[in-house]
Amino acid sequence: MSDAKAPLPPTAVASGATVSEAAAGAILTIDLGAIRENYRRLKARLAGVRCAGVLKADGYGLGAAQVASALIKDGCDIFFVALLGEGIALRKALGPGRDIFVLNGLPPGSEPEAIAAGLHPVINSVAQLKAWRQAARAIGRKLPAAIQVDSGMSRLGMPPAELEALAKDAFDGIDIRFVMSHLACADEPRNPANEAQRLAFERLRGMLPKAAASLANSSGIFLGAPYHYDLARPGAALYGINPTPGEPNPMLPVVRLQAKVAQTRGVEEGAGIGYGHTFHARGSLRLATISFGYADGWHRRAASAAWFEGVRLPFVGRVSMDSIIVDISALPAGRLSEGDLVELIGPSQSVDDAAAHAGTIGYEVLASLGARFHRRYVGV
Ligand SMILES: *Cc1c(COP(=O)(O)O)cnc(C)c1O
């Protein structure tokens with residue numbers, strides 16, 4: 001049994017911490033210049049409307065502190081995270097002075113921690129409203145917050161019935177910075193749910209004290225000016241994910257992910273490949289095993305491929321925890337050797353392509369990216 005007084009081991013890899021390029025099994029390159037250009041492109045579309053940066057899940061896996069510092073250079077001064085813990089970490093990294101909102105609201109009892117870190121809750125329920133009002137009374141000053149209403153996604157925010165039942169003094173002590181809501185189907189511009197949610201949002205915010213309004217995420221910005229209100233809240237588009245699926249991507253790519261070849265081999269027809277022998281060679285094959293696996297955020301069952309100099313190298317067999325076997329028979333013999341890098345995300349395969357092959361969305365691919373990569377920030 002462990003001694004309760006023994007010192008705890010050092011915490012795991014912190015955001016932005018990185019192993020050396022030589023030591024790492026895979027290299028993640030994050031182009032902060034491209035993130036800034038994407039922010040400027042969104043701002044140009046917003047024609048004067050303010051634009052926040054959404055940094056939940058450590059900036060969609062890319063490093064919330066690094067992304068925020070880059071966006072600040074283009075005048076971004078409002079950030080959204082999902083959880084209080086993310087907000088506390090971001091506040092530590094940025095210091096005082098920028099507005100940081102916590103989308104999921106504050107867990108009961110955590111209000112003092114939010115106040116100490118200068119974080120603003122997104123208030124999603126009457127209980128959260130009451131707790132924030134009491135916190136304001138306890139410290140004797142007004143406290144900022146955003147109020148979220150549920151305009152039809154049924155996820156977070158006050159439902160219409162709760163809004164109707166609010167007392168006149170419900171917002172005493174609260175400085176309402178924004179009334180906001182979130183779109184469920186913004187990436188489907190022809191879905192009538194978008195207009196239904198916008199109209200519901202109009203009606204619901206009319207039941208609240210007059211305040212600035214915010215509705216659009218990345219795809220919402222592309223639904224047009226009626227969706228822009230006073231503040232847009234893009235995440236995905238900043239990181240190069242296409243906010244207009246089915247149309248050309250108006251954003252710059254941001255991420256490059258490359259994995260190292262750990263070993264190469266030739267196998268004969270009939271060889272069983274990987275765990276469970278889910279694949280057998282249908283002829284003699286040349287294979288490379290790369291140092292990248294499901295522990296790095298790639299789904300175990302994902303059928304997919306890596307690329308090398310524009311040549312597609314299909315995964316064969318199952319994805320392992322720390323390795324994937326790829327078929328390199330399409331390359332000239334000896335072209336790829338130990339230590340060479342193959343591409344998983346980059347010019348040959350966008351985040352959205354990689355996600356489509358894995359049966360998921362770009363958001364999940366980025367948010368799943370693991371902690372073992374050598375992280376290289378460029379375009380600073
Ligand atoms: C995640 C999120 C966003 C950003 O959405 P993207 O589609 O990544 O632009 C905006 N608002 C809320 C409430 C969110 O949860």
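Numbering of ligands and ligand atoms starts at 1, following listing order. Hydrogens, waters and symmetry mates are skipped; everything else that's a heavy atom, side chains included, is used.
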- Message: I need the atoms of ligand 1 closer than 4.0 Å to a non-hydrogen atom of Y60, numbered in the order shown.
- Response: 1 (C), 4 (C), 5 (O), 6 (P), 8 (O)

- Return the residue, atom name and 0.1 Å-rounded distance of the protein heavy atom closest to atom 10 (C) of ligand 1. R233 O, 3.3 Å

- Among all protein non-hydrogen atoms, which one is nearest to atom 2 (C) of ligand 1, and what is the separation to 0.1 Å? K56 NZ, 2.5 Å

- Where does I241 meet ligand 1, judged by heavy-atom distances below 4.0 Å: at the side chain, the backbone, both, or neither? neither

- Message: Over 60° means perpendicular and under 30° means parallel, so tell me whether W298 and F292 are parallel, tilted or perpendicular.
- Response: perpendicular

- Query: At a 4.0 Å cut-off, with the gap strictly under it, does some heavy atom of F80 reach an atom of ligand 1?
  - Reply: no

- Close approach, R155 and ligand 1, non-hydrogen under 4.0 angstrom: yes

- Can R376 and E21 be counted as an ion pair, charged N to O under 4.0 angstrom? yes

- What are the atoms of ligand 1, with element, lying closer than 4.0 Å to any heavy atom of P234? 9 (O)

- Query: So, does Y363 sit close enough to ligand 1 that a heavy atom of it is under 4.0 Å from the ligand?
  - Reply: yes

- What residues form a side chain to side chain donor-acceptor pair (under 3.5 Å) with N104, not counting sequence neighbours? none

- Side chains of S214 and R233: donor-acceptor distance under 3.5 Å anywhere? yes

- Task: Please work out whether the ring planes of F201 and Y229 are parallel, tilted or perpendicular, with thresholds of 30° and 60°.
- Result: perpendicular

- Query: Which atoms of ligand 1 sit under 4.0 Å from any heavy atom of A236?
  - Reply: 6 (P), 8 (O), 9 (O)

- Message: Any non-hydrogen side-chain atom of L94 less than 4.5 Å from a side-chain atom of F79?
- Response: yes

- Query: Any side-chain donor-acceptor pair under 3.5 Å between S350 and D352?
  - Reply: no

- What protein heavy atom is closest to atom 9 (O) of ligand 1, reported as residue, atom name and distance in Å? S218 OG, 2.5 Å

- Query: Hey, does G235 come in under 3.5 Å of ligand 1, counting only N/O atoms on both sides?
  - Reply: yes

- Among D230, L215, L208, side-chain contact (heavy atoms from CB on, under 4.5 Å) partner for V179: L208

- Task: Could you find the nearest protein heavy atom to atom 5 (O) of ligand 1 and give me its residue, atom name and distance?
- Result: N217 CB, 3.4 Å

